[in-house]
Amino acid sequence: MARQALPPFDERSNNPWCDGLNAQQTEAVLHRDGPLLVVAGPGSGKTRVVTYRIAQLLSAGVRPSQILALTFTNKAADEMKRRVATLVPEAAVTIGTFHRFCVLLLRRYARLVGLTETFSIFDADDTLQLCREILKQNPKYSLSTTPSELLHRISHVKSKGILASEFSSRHADQGDFVLEALYPEYQQNLLRCNAADFDDLLLHVATILRSSPDLRRDLDSRYRYIMVDEYQDTNVVQYAIVRALSVDHPNLAATGDPDQSIYGWRGADIRNILEFEKDYPSAKVVRLEQNYRSTPNILKVADGLIAHNRFRKPKLLFTETSAGAPVSLTVFQDHFAEADGVSERIIQTLHAGASAREFAILYRASHQSRILEQSLRRRGIPYQIVRGTSFFQRKEVKDVLAYLQLIQNERHDLCFLRILNIPRRGLGHVAQRRLQNFAEQQVLSLLAASGDTELHRQLSKPAAKSMARMHDWIRNLQSTPSQGVGPLVRRIVEESGYLDQLRGSNVPEEVERAENLEELIGDAVEFDLQHPDGGLDGFLERIALINDVDAWDPTSERVTLMTLHAAKGLEFPRVFVVGIEHDLLPHRRSQDDEMQLEEERRLLFVGITRAEQELYLSFARQRMQNGSMRTTIASQFLLEIPRESVLCHDASVSVGPADRESFEEELWDGHDEICLDHDGDGDEECAEDDSALDTYVPIVRPAPPRDTEPPRTKIEPAARLDPPSLSGPDRAIQEAELRLGSTVVHPDYGPGKLIRITGQPPRRSVTVQFALAGSAQTFIWELSPLRPSRAANVAEPPDPRRG
DNA sequence: CTGAGGGCTGTTTTT
DNA sequence: CAGCCCTCAG
């Protein structure tokens with residue numbers, strides 16, 4: 001397979017796909033065969049490059065069906081589709097999220113992993129419910145974990161690509177008995193319900209690709225040109241999938257930005273992008289560093305902040321736009337005042353002629369939206385919120401969806417349990433327990449068991465009658481030929497009596513629920529119109545995989561509220577980032593681990609770089625936490641942004657007018673050495689290095705000098721808070737043993753090698769490459785359960801009989 | 001079997 | 001503070 005040479009220069013300039021592109025963008029667009037990595041800073045025209053390249057490939061004769069573009073969010077996929085459609089109308093290129101693409105494959109090859117093609121997708125609620133059930137049935141573990149923790153840990157393990165079968169054998173001797181017992185049980189339950197959770201969608205596909213070489217080869221050849229967006233956010237499972245599809249035809253184009261990696265908590269492995277060149281030695285690497293989005297001031301703030309990440313390769317970001325307004329940094333008295341301050345600022349700007357759609361308010365945690373909403377509503381500012389609970393999460397809607405899922409997949413026992421007594425039919429705890437026991441004994445699905453006359457004999461007369469009736473009714477729904485989803489939803493809602501029950505209530509809340517059910521019918525009818533061949537599967541899949549970000553309408557004349565995570569990939573003329581406080585951003589749960597702390601910093605970096613013209617940063621001196629007002633601490637990140645690019649305002653009342661101008665000093669005073677620290681050893685970090693990405697990480701520098709002087713100021717910068725000191729006899733041992741390459745043991749992950757050590761004794765951050773799990777993790781040594789090991793060879797698991 | 005009320009817990013980000 | 005689970009009375 002000859003690699004195509006680049007076209008001569010004049011051909012480039014004549015190429016319609018290169019109009020208005022800079023040299024690097026052009027290079028990426030014209031790249032045809034072979035692996036390509038585009039490292040793209042924020043606002044550098046990445047999406048443009050990807051879509052132009054697709055157009056370029058098509059015009060060079062590549063068939064649309066051979067192109068596959070994978071994104072993380074539906075929003076990104078839709079945007080890409082839209083832009084490709086503008087360039088090349090009606091090109092049937094496959095563009096979608098990883099999850100959706102995997103569902104597509106899995107529907108076809110479900111049998112290979114023990115599912116049928118009508119398998120259900122369990123959402124967060126379902127999986128949590130399942131974990132509850134599992135703990136209920138395994139009471140001996142219910143003290144050592146909670147359902148949500150169990151769920152979280154299973155998901156974590158899955159995102160590392162570890163199957164239930166592998167987990168038990170790998171970890172049998174490692175002491176994680178809870179997961180060892182319950183992960184396989186969880187998985188069996190999914191299988192019994194003919195269901196997959198979100199992680200499974202990926203994991204099953206990866207498994208299929210690994211275990212079916214012929215199929216892998218076919219798919220590899222079918223998808224000749226693969227593009228992966230946000231490659232820094234791929235986890236090992238996604239990596240395995242992409243890798244498997246680009247063996248024979250390694251025309252893989254990955255785009256991403258390590259500085260925008262914000263999904264580490266979900267198992268994203270930044271090494272995927274860092275080691276791209278190792279995986280594909282012939283890869284071409286293109287860097288897009290010119291920013292077309294933000295003003296220099298905004299960019300300076302972003303750059304100054306992200307420069308504080310130590311595990312990073314510095315990157316040049318530049319722009320040619322004019323300076324623009326300084327970035328605003330405001331402290332408010334409390335979160336109410338902050339919300340009001342933001343609203344007032346919006347009002348003023350609206351009066352000056354701005355339009356509401358230009359604004360975005362970004363925050364760390366979704367619950368922060370509530371106060372903001374109230375404030376905006378009071379002033380009549382139109383807003384749209386990208387929030388966690390959607391229409392489809394409402395109880396009554398989920399109830400009806402449960403009927404639909406049960407009809408689609410009669411083994412969906414969770415759905416059956418959910419609707420057993422909805423609407424009320426006199427089937428309570430007793431009937432439920434007998435049903436479950438019976439189904440267990442006879443190895444039947446709950447639906448099948450509910451129709452069994454043997455079970456009916458075990459129930460009270462009214463219960464038996466009610467259950468038989470319900471069973472027959474659902475069977476009838478199942479066997480009725482499909483007239484579309486709309487009529488089906490209507491039948492369920494009406495024939496079950498659910499709608500009547502709600503309508504007849506005098507509780508206003510229930511009447512509203514009835515209205516929601518009407519709306520659901522409407523939604524289903526509309527779905528039928530828009531997707532004549534969609535069917536029940538399509539309807540349910542859309543609900544399972546689409547979230548609220550997709551309902552976000554960028555053209556609507558409203559202020560956008562969303563989390564920092566949801567904001568990735570978007571841009572707005574005017575951006576507010578609120579609540580930049582210690583324990584919130586960085587989040588409390590991210591502070592013990594340097595890697596997680598860096599991820600929080602990247603999160604703020606992402607937020608900052610959404611702004612085109614105006615950026616407003618703020619925090620509150622007090623905030624409601626667990627029902628009580630607490631005094632907050634300014635985020636350490638605020639100390640890290642370049643002082644000369646921001647304009648500080650003190651809008652809080654705790655400081656008298658005389659002190660107002662000193663707010664800036666209050667924040668920064670005595671911290672210049674922290675802010676400036678990284679300029680000292682600049683030549684190494686700023687050294688040009690065009691080739692290898694692997695030098696991105698790690699640049700291990702000495703930790704910033706820690707001040708011994710007590711802070712003089714009222715706002716306590718978190719960076720100065722002393723870490724808890726280590727006490728006890730372990731200390732000497734721990735310090736002596738801590739060396740690169742030495743072996744340590746973790747109670748859960750087993751033995752591993754120290755591959756990175758940073759920081760100073762009270763709080764050293766160590767990264768351990770685990771031999772058994774095959775993955776690396778970073779810990780604060782002093783706080784972790786890691787212990788030095790005498791074993792020289794980590795390849796061999798320690799023998800428990802000896803230990 | 002149902003509904004109300006008390007106690008407990010947990011508390012980020014998302015496909 | 002909120003949401004969930006369990007208990008208890010009807």
Side-chain angles (χ1 to χ4, degrees), chain A residues 70-77 96-103 121-125 127-129 132 135-136 142 145-149 151-152 155-156 158-159 196-203 230 233-235 237-238 261-268 362-370 386-390 393 395 420-433 459-460 462-463 466 507 541-550 562-568 579 583-591 596 599-600 602-604 606-607 623-630:
Chain A
L70 295 172
T71 66
F72 275 81
T73 62
N74 295 296
K75 192 178 54 179
T97 63
F98 267 101
H99 291 266
R100 200 180 269 266
F101 174 67
C102 287
V103 170
I121 301 167
F122 272 19
D123 67 9
D125 275 358
T127 48
L128 186 62
Q129 195 57 43
R132 282 198 190 109
L135 283 179
K136 221 179 274 175
S142 60
T145 187
T146 62
S148 65
E149 192 201 6
L151 178 59
H152 179 256
S155 174
H156 185 75
K158 283 187 173 184
S159 71
D197 64 18
F198 285 129
D199 300 307
D200 279 348
L201 298 179
L202 306 172
L203 199 49
E230 310 282 13
D233 286 333
T234 49
N235 65 26
V237 183
Q238 288 158 327
S261 156
I262 55 175
Y263 286 103
W265 52 275
R266 212 168 82 185
L362 309 179
Y363 37 83
R364 175 66 235 263
S366 47
H367 67 254
Q368 288 174 260
S369 69
R370 223 181 63 223
V386 179
R387 68 144 80 84
T389 55
S390 75
Q393 311 250 0
K395 182 191 173 300
L420 178 61
N421 202 25
I422 292 175
R424 247 165 283 155
R425 15 174 110 81
L427 299 172
H429 301 304
V430 178
Q432 176 180 327
R433 199 163 313 131
L459 296 171
S460 72
S466 182
V507 187
E541 189 176 308
R542 159 175 158 273
I543 291 169
L545 295 181
I546 285 191
N547 66 39
D548 286 308
V549 183
D550 308 296
M562 62 174 117
T563 64
L564 287 162
H565 282 90
K568 192 161 71 152
D583 282 355
L584 195 52
L585 182 62
H587 192 270
R588 182 178 320 169
R589 285 186 59 172
S590 304
Q591 286 169 357
Q596 287 185 41
E599 184 158 310
E600 296 286 305
R602 290 193 290 269
L603 197 49
L604 180 55
V606 166
R623 181 174 300 270
M624 190 77 87
Q625 267 168 344
N626 286 2
S628 63
M629 270 303 207
R630 298 238 191 124

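Letters go in sequence order (proteins before strands), and every chain restarts at 1.
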- Task: Would you mind reading off the distance between A:R364 atom CZ and B:dT12 atom C1', rounded to a whole angstrom?
- Result: 4 Å
- Query: Among B:dC1, C:dC4, B:dT14, which nucleotide sits nearest the side chain of A:A431?
  - Reply: B:dC1
- Message: I'd like to check, for A:H587, whether its ring lies over the base of B:dT12 with centroids under 5.5 Å apart and a plane angle smaller than 30°.
- Response: yes
- Please, what dot-bracket string fits DNA chain B when only Watson-Crick and G-U pairs with both distances under 3.5 Å count, crossing ones use [ ] and pairs to another strand use |? ||||||||||.....
- Message: Both A:H152 and A:R425 contact DNA chain B. Taking the nearest nucleotide for each, which residue is further toward the 5' end?
- Response: A:R425
- Task: Under 4.0 Å between any heavy atoms, over every strand shown, what does A:N421 touch: base, sugar-phosphate, or nothing? Just pick one.
- Result: sugar-phosphate
- Pair A:H565 + A:W265: ring centers closer than 6.0 Å: yes
- Selection from B:dT11, B:dC1, B:dT12 that lies nearest to any side-chain heavy atom of A:V430: B:dC1
- Item | B:dT14 base stacked by A:F198 (centroids within less than 5.5 Å, tilt under 30°) | no
- Mind calculating the distance between CG (A:L135) and P (C:dC5) to the nearest angstrom? 12 Å
- Message: Is it the case that the side chain of A:N235 and the backbone of A:Q238 share a donor-acceptor pair, with hydrogens and angles ignored and the cut-off at 3.5 Å?
- Response: yes
- Closer than 4.0 Å, any side-chain N/O of A:T73 to the OP1 or OP2 of B:dT14? no
- Think A:R424 has a side-chain N or O under 4.0 angstrom from the OP1 or OP2 of B:dG3? yes
- Item | Whole-Å gap separating P (B:dT13) and CG (A:L584) | 10 Å
- Proximity to the side chain of A:R266 - top-ranked nucleotide from B:dT14, B:dT2, B:dT12: B:dT14
- Only counting residues at least two apart or in another chain, list the ones meeting side-chain hydrogen bond (donor to acceptor under 3.5 Å, both in side chains) with A:S590. A:E600
- Task: Could you check how far NE2 of A:H99 sits from P of B:dT14, rounded to whole Å?
- Result: 13 Å
- Query: Rounded to the nearest Å, what distance is computed from the CZ atom of residue A:R589 to the C1' atom of nucleotide B:dG10?
  - Reply: 10 Å
- Query: Looking across every strand, which nucleic acid part, if any, lies under 4.0 Å from A:F72 by heavy atom: base, sugar-phosphate, or nothing?
  - Reply: sugar-phosphate
- Item | Proximal nucleotide (of B:dT12, C:dC4, B:dT11) relative to the A:R132 side chain | C:dC4
- Message: Whole angstroms only, please: what is the CG-C1' distance between A:D233 and B:dT13?
- Response: 12 Å
- Message: B:dT14, OP1 or OP2 - any side-chain N/O from A:N74 closer than 4.0 Å?
- Response: no
- Item | d(CD, A:Q368; C1', B:dT13) in whole Å | 11 Å
- Can you tell me how far P of B:dT12 sits from CZ of A:R370, to the nearest Å? 15 Å
